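Chain A is the first sequence line, chain B the second, and so forth, proteins listed ahead of strands; every chain is numbered from 1. Just so it is clear, the model here is predicted, and its values are computed rather than measured. Hydrogens, waters and symmetry mates are skipped; everything else that's a heavy atom, side chains included, is used.
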Protein chains: 2
Amino acid sequence: MSWRKETRRAERGYHHGNLKEALLQAALGLIAEKGAAGFTFADAARMAGVSAAAPYRHFRDRDELLSSIAQRGFEQFESRLTAAWDDGRPDTVTAFERVGRAYLAFAREEPAFYNAMFESGVPVDANPALQAASERAFNIIRAAAERLAALAPPGTPRPPAMMMALHIWSMAHGVASLFSRGDAARRKLPMSPDELLEAEVLIYLRGLGFPTDRRPPAKSAEPPPVPPEASSGSGVPPGGPWGKPK
Amino acid sequence: MSWRKETRRAERGYHHGNLKEALLQAALGLIAEKGAAGFTFADAARMAGVSAAAPYRHFRDRDELLSSIAQRGFEQFESRLTAAWDDGRPDTVTAFERVGRAYLAFAREEPAFYNAMFESGVPVDANPALQAASERAFNIIRAAAERLAALAPPGTPRPPAMMMALHIWSMAHGVASLFSRGDAARRKLPMSPDELLEAEVLIYLRGLGFPTDRRPPAKSAEPPPVPPEASSGSGVPPGGPWGKPK
DNA sequence: GGCTCATGTAAAGGTCGTTCACATGAGCTG
DNA sequence: CAGCTCATGTGAACGACCTTTACATGAGCC
């Protein structure tokens with residue numbers, strides 16, 4: 001593999017041409033491997049085939065690279081949450097849960113981004129762009145909560161959407177960070193993180209008075225038989241949101 | 001500054017006498033200041049007034065010191081959760097919420113421990129003692145959930161205690177890690193992390209069918225009914241667990 | 001008094017982050 | 001095209017850190 005570096009160097013000449021991007025990609029790979037703590041500026045430079053000093057032409061320091069990655073992470077996060085929310089189709093509750101699953105999926109499938117975003121010690125307000133990206137992502141959850149709150153069953157007080165959003169965020173982040181990633185995933189669980197979160201959200205929504213009597217989650221892999229917004233039944237699925245005991 | 005070291009040195013002679021403990025304390029202080037990532041083996045040694053190589057007589061490497069701290073953290077955590085649970089007095093739901101608050105309080109008041117335990121990258125299974133301590137702490141939550149599950153209102157299926165425990169843990173950890181510590185605390189919230197978590201747990205419990213207005217439950221398999229105001233400062237306010245909109 | 005071994009030290013090698021003076025060459029200007 | 005400029009990359013150097021190794025110290029025990 002070490003010939004690669006030489007080759008690259010020969011291929012590209014003195015100037016790299018796209019170093020900033022190359023460094024971001026390299027860092028992403030390194031973080032995925034060894035975590036943000038283990039990631040090294042020097043390693044990223046090596047991987048891009050440049051000297052250790054070169055990165056400083058593109059990032060003030062190691063932290064700036066890290067926060068750039070966190071920012072990109074939030075941007076991708078936002079777009080995945082947006083897609084999952086799909087503007088509340090086919091019904092609000094279904095879409096809402098899909099957002100929860102998308103959260104976990106992101107944490108699982110993009111460990112490097114997730115790490116940089118939430119576990120690297122990069123403060124949210126490290127730079128304005130980062131903060132803005134983070135807020136945009138959260139606003140997806142918030143908007144979804146808003147729609148959900150608007151459906152609050154009559155007779156019950158309408159829950160504040162902001163609070164719901166924060167609750168959902170904390171559940172998703174808690175599950176992701178405790179059970180769904182890296183070493184944390186070694187904790188042995190009686191159910192998958194996805195199931196765990198889905199049950200948690202369903203119970204929570206039921207606590208708010210939302211009808212959550214939909215098919216048992218994990219069992220039917222197919223799209224739901226589209227229950228109308230005003231779901232008629234008022235019960236709980238046969239085994240509750242956590243499925244039936246085996 | 002350098003005289004200090006000399007002074008100390010003169011005071012204590014060649015052998016420190018209690019270096020292991022001194023290093024743990026020093027590390028704790030440093031982690032509280034700069035986070036586990038910023039904490040340095042060399043700094044801890046300096047702070048204890050010994051050479052940089054001395055710590056290696058007591059810890060295989062930096063990571064072992066870190067996991068020792070995490071272990072101690074879990075032990076203290078366990079004892080605080082135990083105290084908060086107080087064997088379910090005065091009633092199960094009240095005690096259960098007190099455990100949630102104790103979780104947050106620990107995260108807030110012992111940032112160094114919390115950091116080492118959950119945010120330092122130390123794998124839970126770094127060593128058997130750590131893993132055991134971690135499990136003992138979780139078992140408090142689990143035992144509490146067990147008691148709570150046993151009170152499940154008749155007519156509803158009894159929720160698996162393990163699942164409840166995992167749910168509560170994820171809520172507490174999610175809130176703590178997103179909103180209650182360090183930089184994370186800079187996110188602006190419409191309510192305090194404690195209130196946020198309390199509402200979350202109450203809604204969740206209501207979703208499971210538990211009465212959360214904290215009036216003594218109708219069926220008393222429960223310890224003596226105690227006035228609602230006993231510990232939490234309130235029953236559920238008129239507008240629901242989240243209080244009235246301001 | 002003398003031995004032994006846990007505990008501490010100094011020195012050294014390797015890695016990093018970061019800076020600085022200098023090199024290169026892509027692109028503009030004429 | 002010649003020449004200039006400036007963004008971009010290099011190499012060397014500094015100090016801090018982690019860790020190992022050979023050596024020093026002295027507390028506890030015979």
Side-chain angles (χ1 to χ4, degrees), chain A residues 2 4-27 30-31 33-69 116 120-122 126, chain B residues 1-2 4-27 29-31 33-69 116 120-122 126:
Chain A
S2 69
R4 263 198 102 196
K5 178 172 160 185
E6 291 312 311
T7 303
R8 276 221 190 120
R9 183 81 131 70
E11 274 168 6
R12 74 170 165 84
Y14 196 88
H15 289 288
H16 182 288
N18 200 13
L19 184 54
K20 185 162 189 169
E21 195 52 35
L23 287 171
L24 286 166
Q25 292 306 323
L30 289 169
I31 294 173
E33 266 182 55
K34 309 185 284 183
F39 145 76
T40 252
F41 219 23
D43 250 346
R46 244 189 307 275
M47 195 155 299
V50 297
S51 76
Y56 290 86
R57 295 295 176 197
H58 300 277
F59 301 95
R60 191 174 348 50
D61 56 20
R62 183 179 171 282
D63 282 351
E64 193 182 279
L65 200 175
L66 225 45
S67 69
S68 287
I69 292 195
S120 66
V122 173
Chain B
M1 284 305 180
S2 66
R4 258 198 106 197
K5 181 170 162 184
E6 291 311 312
T7 301
R8 277 222 190 120
R9 185 81 128 70
E11 274 167 6
R12 72 170 167 83
Y14 194 88
H15 289 288
H16 182 288
N18 200 13
L19 184 52
K20 185 161 188 170
E21 194 53 36
L23 287 171
L24 286 165
Q25 291 306 322
L30 289 170
I31 294 175
E33 266 182 53
K34 311 184 282 183
F39 145 76
T40 250
F41 219 23
D43 250 347
R46 242 189 308 275
M47 195 155 299
V50 297
S51 77
Y56 290 86
R57 295 295 178 195
H58 300 276
F59 301 96
R60 190 178 17 313
D61 57 19
R62 184 179 172 282
D63 282 350
E64 193 183 277
L65 200 175
L66 225 45
S67 69
S68 287
I69 292 194
S120 66
V122 172

K.L.:
Among D/dT10, D/dT20, C/dT18, find the nucleotide with the atom closest to the side chain of A/Ala54.
P.N.:
D/dT10
K.L.:
Hey, does the side chain of A/Arg60 reach the backbone of A/Leu65 with a donor-acceptor pair shorter than 3.5 angstrom?
P.N.:
no
K.L.:
Rounded to whole angstroms, how far apart are CZ on B/Phe59 and C1' on C/dG8?
P.N.:
15 Å
K.L.:
To the nearest Å, give me how far apart CZ (B/Phe39) and P (D/dC17) are.
P.N.:
11 Å
K.L.:
Choosing from D/dC18, C/dC16, C/dG8, which nucleotide comes nearest the side chain of B/Leu19?
P.N.:
C/dG8
K.L.:
Considering only C/dT18, C/dC16, D/dC18, which nucleotide approaches the side chain of A/Thr40 most closely?
P.N.:
C/dC16
K.L.:
Provide, to the nearest angstrom, the distance between the CG atom belonging to B/Leu30 and the P atom belonging to D/dC17.
P.N.:
11 Å
K.L.:
Give one of base, sugar-phosphate or nothing for A/Gly17, where a contact means two heavy atoms less than 4.0 Å apart.
P.N.:
sugar-phosphate
K.L.:
Of the nucleotides C/dT18, C/dA11, D/dG11, which one has an atom closest to the side chain of A/Ala53?
P.N.:
D/dG11
K.L.:
Between B/Glu64 (CD) and D/dT20 (P), how many Å, whole number?
P.N.:
12 Å
K.L.:
Any base atoms under 4.0 Å from A/Ala42, or only sugar-phosphate, or nothing? Heavy atoms, all strands.
P.N.:
sugar-phosphate
K.L.:
State the CZ-CD1 distance between B/Phe59 and B/Ile69, to the nearest 0.5 angstrom.
P.N.:
7.5 Å
K.L.:
Quick one: does A/Asn18's side chain get under 4.5 Å of A/Glu21's, heavy atoms only?
P.N.:
yes
K.L.:
What's the OH-C1' distance between A/Tyr56 and D/dG11, to the nearest Å?
P.N.:
15 Å
K.L.:
Counting only side-chain nitrogens and oxygens, does B/His58 get under 4.0 Å of the OP1 or OP2 atom of C/dG8?
P.N.:
yes
K.L.:
Would you classify B/Phe41 as touching base, sugar-phosphate or nothing, given that sugar-phosphate means primed atoms plus P, OP1 and OP2, and contacts are heavy atoms under 4.0 Å?
P.N.:
sugar-phosphate
K.L.:
Has A/Arg60 got a side-chain N or O lying under 4.0 Å from the OP1 or OP2 atom of C/dT18?
P.N.:
no
K.L.:
Would a distance-only check, ignoring hydrogens and angles, find a side-chain to backbone donor-acceptor pair under 3.5 Å from B/Thr40 to B/Ala42?
P.N.:
no
K.L.:
Measure from CG on B/Asn18 to C1' on C/dG8 and round the result to the nearest Å.
P.N.:
15 Å
K.L.:
Could you check whether any side-chain heavy atom of A/Met47 comes within less than 4.5 Å of a side-chain heavy atom of A/Leu30, counting everything from C-beta outward?
P.N.:
yes
K.L.:
Just to confirm, is there a sub-4.0 Å distance from OP1 or OP2 of D/dT25 to any side-chain nitrogen or oxygen of B/Arg57?
P.N.:
no
K.L.:
Please state how far atom CG in A/Leu23 lies from atom C1' in D/dT8, giving the value in whole angstrom units.
P.N.:
12 Å
K.L.:
Rounding to a whole Å, what distance do you find between A/Lys20:NZ and D/dG9:P?
P.N.:
12 Å
